[in-house]
Amino acid sequence: MADAGRELVVVGAGVSGLRVALNALDRGQKVTLVEGRSEVGGLTSTQTLESPEGPVEVDRFYHVIMESDATVRALLDDLGLGGRVIFTSAPAELVSDGQQYPASSIVQMAMLPALKLADRLRIGFSGAASLALPLRLADTMTSASLLRRLAGKSAYKNFWGPILRAKLGTQADQVSATLIVSTFRRLIQARLKGAGDRFGVLPRGYAPIVSAMRARVEARGGEFRTGTAVTNVRSEGTGEATTVTVTLEDGSELTADQVVLTTPGPVTTKLVPQLTPRERAQLTSSPYLGVVCGVYLLDTPPNDSYITYLTDDVGLTGVIGMHALLGPRYTGGGYLVYLPHYCASDDPWFDEDDDVLADRLFAAMQECFPHYTGRVLARAVNKARYVVPLPLPKADPPLPFVTSVPGVVVVSTAQNRTGTLNVEGSLSMADEASAAMAGAHDPSNTNK
Ligand SMILES: Cc1cc2nc3c(=O)[nH]c(=O)nc-3n(C[C@H](O)[C@H](O)[C@H](O)COP(=O)(O)OP(=O)(O)OC[C@H]3O[C@@H](n4cnc5c(N)ncnc54)[C@H](O)[C@@H]3O)c2cc1C
């Protein structure tokens, strides 16, 4: 193997970093993973909440596995965890002016009593017309302008607007129409491939997956440095004589033949000053979507739905009733609910106190469910400034994995151009980057 014995440092131990590390260990490389936080897992990391029945481990950010997530499911099988996923379905709901309406399918949503007949017809037409729109044309306009044009103002306000907001929060208006066209196409393709609309969940969230990946890295000789962030990455020399020096926040340095950064675009540009101005622009030109997300164990759930879309602007993007998929017997008797506020990465909420935010998010949920009288058993707030870049109309192409800086590879959310982030996509991108790295260092490869 051309890469055998080459030293690799992976910056960030989320699922992307863990996957890149395992791929490199398979190729015989020596791997060190550096993670800024004390725990591994990144956005899939978990935390402990105190329930009346004792400590309960839950995802910091809610996660479900789709039946069509072939790469995730293959990984779970490989780790011996496939049998532990619970696949189930749960309804969705839309709350408007304190009234609850079923919203599990486009047909149900289009039949909402709040919608006029003309709006229902235009919703059907706008969905079909968006599906047929060539992506090149979609990339010249925003999702909001496309759907407003096709469905009209009233159907947009009462139907498409809340759906876009549920996914994209306060920045919903800026996003390219490619997002809506590719989302519709993916949904149709999943249906054509026979994938159902059930959601898969694991008791204890992603904790068993992340621990099993970590254990496998260590069993194959990989090492972890956790709780110390990388502050600088510097490359010297070219070709086989390349050395990359990684400086850590505790002042220590690691040297390697190759470094892979899995950090978000704005972080990566700060860590690697040698990237060209064009590469820096490719990593930062699209604004990132951030999220402030409350996680609650409640003594009673607000409803029986997994997703509740909200038309009222209360500062809450939606209500994620994880309890509808993972019953209270898995969560210490409490009902697990997430209250996300999707926003720009410089939103003032990021600097506010967690208790203040937890109160505000819960009060917003109560405003949507005026008759709700449940009690909070445990709660926490998690913040992620950089979740995924929003695809803007006519944006730059993503940065190639192998950069112009010798020995420096980037594979992160920054290269996501769909605006929808999931573990399936993160693992697939990590695999593509691993293949590109192997190709770039195979002396027999004349196709560089
Ligand atoms: C609210 C929410 C809901 C989601 N729901 C789902 C879902 O239902 N299904 C699904 O499949 N996916 C879901 N996802 C997406 C999923 O979490 C991501 O696809 C995946 O976790 C991305 O992994 P990553 O390794 O690329 O990035 P990250 O997890 O962000 O990993 C990057 C790592 O780099 C570390 N780091 C940053 N800076 C430094 C530094 N200077 N030095 C060292 N380390 C550093 C970070 O601490 C982090 O661990 C959701 C995400 C969010 C936020």
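First listed ligand is number 1; within each ligand, the first listed atom is number 1.
Any N or O atom pair closer than 3.5 Å counts here, and Gly17 shares no such pair with ligand 1. For ligand 1, one of its N or O atoms has an N or O atom of Asn422 under 3.5 Å away. No N or O atom of Val267 sits closer than 3.5 Å to an N or O atom of ligand 1. Ligand 1 has a nitrogen or oxygen under 3.5 angstrom from a nitrogen or oxygen of Glu35. Where the criterion is an N or O separation shorter than 3.5 Å, residue side chain and backbone included, Val423 meets it with respect to ligand 1. At a 3.5 angstrom cut-off on N or O pairs, Tyr62 counts as close to ligand 1. For a threshold of 3.5 Å applied to N or O pairs, the pair formed by His63 and ligand 1 contains at least one separation below that value.
The pair Arg379-Asp355 meets the salt-bridge criterion, with a side-chain N (NZ, NE, NH1 or NH2) lying under 4.0 Å from an Asp/Glu carboxylate O. Classification of Lys30 and Glu223 as a salt-bridged pair fails, no side-chain N sitting under 4.0 Å from a carboxylate O. The existence of a salt bridge linking Arg37 and Glu39 is confirmed by a sub-4.0 Å separation between a basic side-chain nitrogen and an acidic carboxylate oxygen.
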Would you please test Val259 and Leu8 for side chain to side chain contact (heavy atoms under 4.5 Å, CB included) and show each step? CA-CA 6 Å; Val259 171; Leu8 173 71; 5.8 Å; no
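Listed by number with element, the atoms of ligand 1 under 4.0 Å from a non-hydrogen atom of Gly12 are 33 (C), 34 (O), 35 (C), 44 (N). Residue Thr44 approaches ligand 1 through these ligand atoms, each under 4.0 Å from one of its heavy atoms: 17 (O), 21 (O). Residue contact check: Gly42 has heavy atoms under 4.0 Å from atoms 29 (O), 48 (C), 49 (O) of ligand 1. Within ligand 1, counting atoms from 1 as listed, the ones closer than 4.0 Å to a heavy atom of Arg37 are 47 (O). Short contacts between ligand 1 and Val11, defined as distances under 4.0 Å to a heavy atom of the residue, involve ligand atoms 42 (N), 43 (C). The distance from ligand 1 to the heavy atoms of Thr262 drops below 4.0 Å at these ligand atoms: 32 (C). Atoms of ligand 1 lying under 4.0 Å from at least one heavy atom of Val64, given by number and element, are 7 (C), 8 (O), 9 (N), 10 (C), 11 (O). Listed by number with element, the atoms of ligand 1 under 4.0 angstrom from any heavy atom of Gly36 are 43 (C), 44 (N), 45 (C).
By the definition of a contact as any protein heavy atom under 4.0 Å away, atom 27 (O) of ligand 1 is not in contact.
A donor-acceptor contact closer than 3.5 angstrom is absent between the side chains of Thr262 and Ser412. Using modelled atom types and a 3.5 Å distance limit, the side chains of Ser252 and Arg225 yield a donor-acceptor pair. Side chains of Ser404 and Glu279: a donor-acceptor N/O pair is present below 3.5 angstrom, by distance only. Residues Arg60 and Ser45 bring a donor and an acceptor atom of their side chains to less than 3.5 Å of each other. Side-chain contact annotation: Glu424 with Thr71, donor-acceptor N/O pair under 3.5 Å present. A donor-acceptor contact closer than 3.5 angstrom is absent between the side chains of Asp257 and Thr243. Between the side chains of Thr231 and Glu249, no donor-acceptor pair is found at a separation under 3.5 Å.
Nearest to atom 25 (O) of ligand 1 among the protein's heavy atoms is Ser16 N, 3.0 Å. Here the heavy atom of the protein found nearest to atom 2 (C) of ligand 1 is Phe61 CB, 3.7 Å. Among all protein heavy atoms, the one lying closest to atom 40 (C) of ligand 1 is Val230 N, 3.7 Å. Among all non-hydrogen protein atoms, the one lying nearest atom 23 (O) of ligand 1 is Val15 CG2, 3.4 Å. In terms of protein heavy atoms, atom 31 (O) of ligand 1 is closest to Gly14 CA, 3.7 Å. In terms of protein heavy-atom proximity, atom 37 (C) of ligand 1 is closest to Thr263 CG2, 3.5 Å.
Within the structure, every pair that satisfies the salt bridge (Lys or Arg N to Asp or Glu O under 4.0 Å) test and touches residues 69-95, not counting sequence neighbours, is listed here: Asp78-Arg216.
Residue contacts with ligand 1 for Ser426 involve side-chain atoms from C-beta outward but no N, CA, C or O (heavy atoms, distance under 4.0 Å). Heavy atoms of Leu43 found under 4.0 angstrom from ligand 1 belong to the backbone as well as the side chain. Using a 4.0 Å cut-off between heavy atoms, Val34 contacts ligand 1 through its backbone alone, with no side-chain atom that close.
A donor-acceptor pair is defined here as one N or O able to donate and one able to accept, closer than 3.5 Å; no such pair exists between the side chain of Ser285 and the backbone of Gln282.
Ring centers of Tyr306 and Phe199: under 6.0 Å apart, within the cut-off. In this structure, Phe362 has its ring center closer than 6.0 angstrom to the ring center of Tyr296.
At least one heavy atom of Tyr342 sits less than 4.0 Å from an atom of ligand 1.
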